[in-house]
Number of protein chains: 2
Amino acid sequence: MASKASAQDAAAAPQLRIPVLAVVGVGLIGGSLALSLKRNGVVGKVLGISQDPASINKALELGIIDTIASFEQVSQADVIVIATPVSAFESVCNAIKPFLAPRTIITDVCSTKQQVAGMARRSLGDRVRQFVPGHPIAGAETSGPAAANAFLFEQKQVILAPLQENAPEQIDLLTRLWEACGSTVSSMGAAAHDRIFAAVSHMPHFLSALYMYSLLDAEQADSKLKYAGSGFRDFTRIAAGPPVMWRDIFSSNRECMLEEITRFQACLEQARQILESGNNDAFEAWLAAAAQARRDWENPPS
Amino acid sequence: MASKASAQDAAAAPQLRIPVLAVVGVGLIGGSLALSLKRNGVVGKVLGISQDPASINKALELGIIDTIASFEQVSQADVIVIATPVSAFESVCNAIKPFLAPRTIITDVCSTKQQVAGMARRSLGDRVRQFVPGHPIAGAETSGPAAANAFLFEQKQVILAPLQENAPEQIDLLTRLWEACGSTVSSMGAAAHDRIFAAVSHMPHFLSALYMYSLLDAEQADSKLKYAGSGFRDFTRIAAGPPVMWRDIFSSNRECMLEEITRFQACLEQARQILESGNNDAFEAWLAAAAQARRDWENPPS
């Protein structure tokens with residue numbers, strides 16, 4: 001009879017129940033989502049769909065999915081999660097469309113949202129209203145179903161980038177789905193999403209990979225790498241991420257990335273000139289501003 | 001009576017003993033070295049010298065040093081470790097020189113070695129034979145005596161960059177000193193050292209700081225940073241490092257850094273062109289080479 005329910009009570013109250021979940025692509029993200037929803041009792045049955053026999057068999061063996069399914073069987077699904085690289089997204093939509101029940105909600109986990117929304121619209125036509133674009137901000141430098149874990153999304157952020165055709169109940173259901181995985185959900189437009197993630201996610205990956213690549217060209221790269229320490233380790237961790245996934249992220253967010261790269265090139269040339277000039281005070285001020293920005297991110301000033 | 005002693009036996013056998021150690025600069029590195037040598041019973045008494053009253057009092061309070069000392073008292077020291085930023089190194093040498101006993105060995109922990117060797121030669125004259133340049137590959141984004149810990153150097157690498165004037169016994173003693181802290185010690189020339197560490201240590205810091213700085217200029221930087229995830233966290237960790245220390249590292253290794261930056265700028269422009277061209281195969285090959293290099297570093301191919 002408490003008038004003010006806690007957030008936990010509210011989340012627990014009308015238990016979210018998805019009788020049939022279909023996951024297309026059973027790698028790190030799709031697999032982890034299935035495991036998390038199973039663990040929390042949200043889903044009844046998980047159908048797994050993949051073009052890769054090794055992956056899908058592994059997912060079945062690991063209990064990530066209950067059944068290996070074909071695209072025809074998505075007709076049974078209450079929710080379909082498309083968890084493939086961006087480059088496979090449109091062909092998955094094409095394959096789903098003939099079997100899509102009117103009540104089914106589709107979402108995805110791709111790291112870019114404008115291109116994905118465009119592909120969905122082109123493929124699904126007016127059925128696009130059943131698709132709510134999504135992006136969990138979670139990952140690892142590992143991939144495949146063996147890397148999946150039920151806790152990947154705990155205390156992580158998930159962005160939904162709803163289409164104007166989406167209904168509030170669809171957005172509400174997906175919000176509760178991700179909250180059941182321990183995530184915090186927010187919404188924004190696809191263009192804002194892609195600009196923001198070019199800056200805070202795709203650029204770090206690009207620069208980390210670029211730095212690793214630049215070492216390959218260098219004289220005595222092997223002997224240099226022997227002396228790399230913990231700063232190097234953390235700075236380059238993301239560069240080991242799956243190349244196909246990242247190729248798709250960069251190419252599907254090309255315009256935003258080229259803007260970020262241009263801005264970075266200007267900053268790099270400016271910093272180079274400060275270093276070359278020998279103006280130690282200016283260089284220290286530059287480093288101090290960067291260090292302060294990083295500290296403020298970790299411990300926001302109150 | 002075993003004819004083949006294990007590495008551990010060998011290290012334990014003739015116990016290294018340094019009756020009096022003087023540490024100039026009692027921050028993260030100097031403080032951690034003192035704590036580690038105390039913990040392992042290598043040092044009798046630790047004299048602490050610092051220009052910063054707050055630091056030196058904190059070091060005394062934390063048991064990092066046994067006595068607050070003046071430069072005159074280095075005459076008692078068997079080993080002097082100069083653990084200040086590079087910019088203070090030469091003035092410390094000048095302050096030490098009048099009180100330096102002939103048996104004393106001096107070393108340092110600076111991240112660059114050519115400039116330090118030059119400053120030592122200029123300051124110490126023919127007493128430079130008592131100085132063996134050193135560089136422990138260990139650090140953190142924290143600083144000051146409160147950040148010091150006795151385990152900082154465990155399983156880390158230490159580089160000695162001996163001068164031609166150094167005697168084998170000096171190098172041997174410092175090797176055993178660092179081994180007592182759990183480190184692996186190797187030797188190389190100062191020029192090779194500075195080239196290698198520009199590539200694998202100073203460039204990552206430069207790029208991480210540059211990336212943080214570039215975000216400050218960006219529109220809506222604060223709202224973007226809210227969505228930064230674990231990739232961002234690791235990629236930018238080092239950017240929070242102490243600005244004065246890093247200013248000194250960059251300015252004392254300026255030539256090597258400018259070479260590295262020039263090479264990186266060329267790689268960046270090349271990668272930008274691949275992305276802009278829309279040649280996804282070339283872009284994937286580029287990402288795959290970077291990812292493989294990072295994976296090989298973590299798990300070297302046998």
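Letters A, B, ... are given to chains in the order of the sequence lines, protein chains preceding strands, and every chain is numbered from 1. The structure presented is a predicted model; accordingly, all values stated were derived computationally and were not measured.
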A:Ser208-B:Arg294 side chain donor-acceptor pair, cut-off 3.5 Å: no
Per-residue contact mode, A:Lys156 against chain B (heavy atom under 4.5 angstrom): neither
Structural part of A:Glu269 lying under 4.5 Å from a heavy atom of chain B: both
Proximity breakdown for A:Met188 and chain B, heavy-atom pairs closer than 4.5 Å: side chain
Option in A:Thr236, A:Ile159, A:Leu207, A:Asp248 with maximal non-hydrogen atom pairs under 4.5 Å from chain B: A:Thr236
Aromatic ring pairing B:Phe235/A:Phe235, orientation class (parallel under 30°, perpendicular over 60°, tilted between): parallel
Greatest number of heavy atom pairs closer than 4.5 Å to chain A - which of B:Cys267, B:Pro204, B:Ala291, B:Gly231: B:Pro204
Nearest heavy-atom neighbours spanning B:Arg254 and A:Leu275: NE-O, 2.9 Å
Step-by-step side chain to side chain contact (heavy atoms under 4.5 Å, CB included) determination, B:Trp297 to A:Arg233: CA-CA 9 Å; B:Trp297 177 76; A:Arg233 185 194 62 222; 3.6 Å; yes
Verdict with reasoning, B:Phe206 to A:Leu268, per side chain to side chain contact (heavy atoms under 4.5 Å, CB included): CA-CA 9 Å; B:Phe206 180 79; A:Leu268 174 55; 3.6 Å; yes
B:Phe232 side chain near A:Ile238 side chain, heavy-atom distance below 4.5 Å: no
Ring geometry between B:Trp286 and A:Tyr213 (parallel below 30°, tilted from 30 to 60°, perpendicular above 60°): tilted
When B:Glu298, B:Glu276, B:Glu260, B:Gln265 are compared by non-hydrogen pairs under 4.5 Å with chain A, the top option: B:Gln265
Toward chain B, the part of A:Gln157 with a non-hydrogen atom under 4.5 Å: side chain
Aromatic ring proximity A:Tyr211/B:Phe264, centre distance under 6.0 Å: no
Nearest atoms (heavy-atom pairs only) where A:Lys224 meets B:Ala199: CD-CB, 3.8 Å
Exceeds 12 heavy-atom contacts within 6.0 angstrom, atom CD of A:Gln270: yes
Nearest heavy-atom neighbours spanning B:Ala290 and A:Ala209: CB-O, 3.3 Å
Intermediate values then yes/no, side chain to side chain contact (heavy atoms under 4.5 Å, CB included), B:Lys226 and A:Ser186: CA-CA 11 Å; B:Lys226 267 200 313 201; A:Ser186 54; over 6 Å; no
Any donor-acceptor pair under 3.5 Å from B:Arg247 side chain to A:Asp281 backbone: no
Distance (rounded to the nearest 0.5 Å) between B:Ser214 OG and A:Ile261 CD1: 11.5 Å
Euclidean distance, A:Ser251 OG relative to B:Ile274 CD1, rounded to 0.5 Å: 13.5 Å
Among the listed options A:Leu215, A:Val244, A:Ile196, the residue most often paired with chain B at heavy-atom distances under 4.5 Å: A:Ile196
Contact summary for B:Ile137 and A:Gly229, nearest pair of heavy atoms: CG2-CA, 4.3 Å
Among the listed options B:Pro300, B:Gly278, B:Ser230, the residue most often paired with chain A at heavy-atom distances under 4.5 Å: B:Gly278
For A:Ala289 against B:Leu216, the heavy-atom pair lying closest together: O-CD1, 3.8 Å
Pair B:Arg272-A:Thr262, side chain to side chain contact (heavy atoms under 4.5 Å, CB included): steps then yes or no: CA-CA 9 Å; B:Arg272 178 207 164 81; A:Thr262 301; 2.8 Å; yes
Residue pair A:Leu210 / B:Ala271: nearest heavy atoms and the distance that separates them: CD1-CB, 3.8 Å
Region of A:Leu258 that comes under 4.5 Å of a non-hydrogen atom in chain B: both
Proximity breakdown for A:Leu225 and chain B, heavy-atom pairs closer than 4.5 Å: both
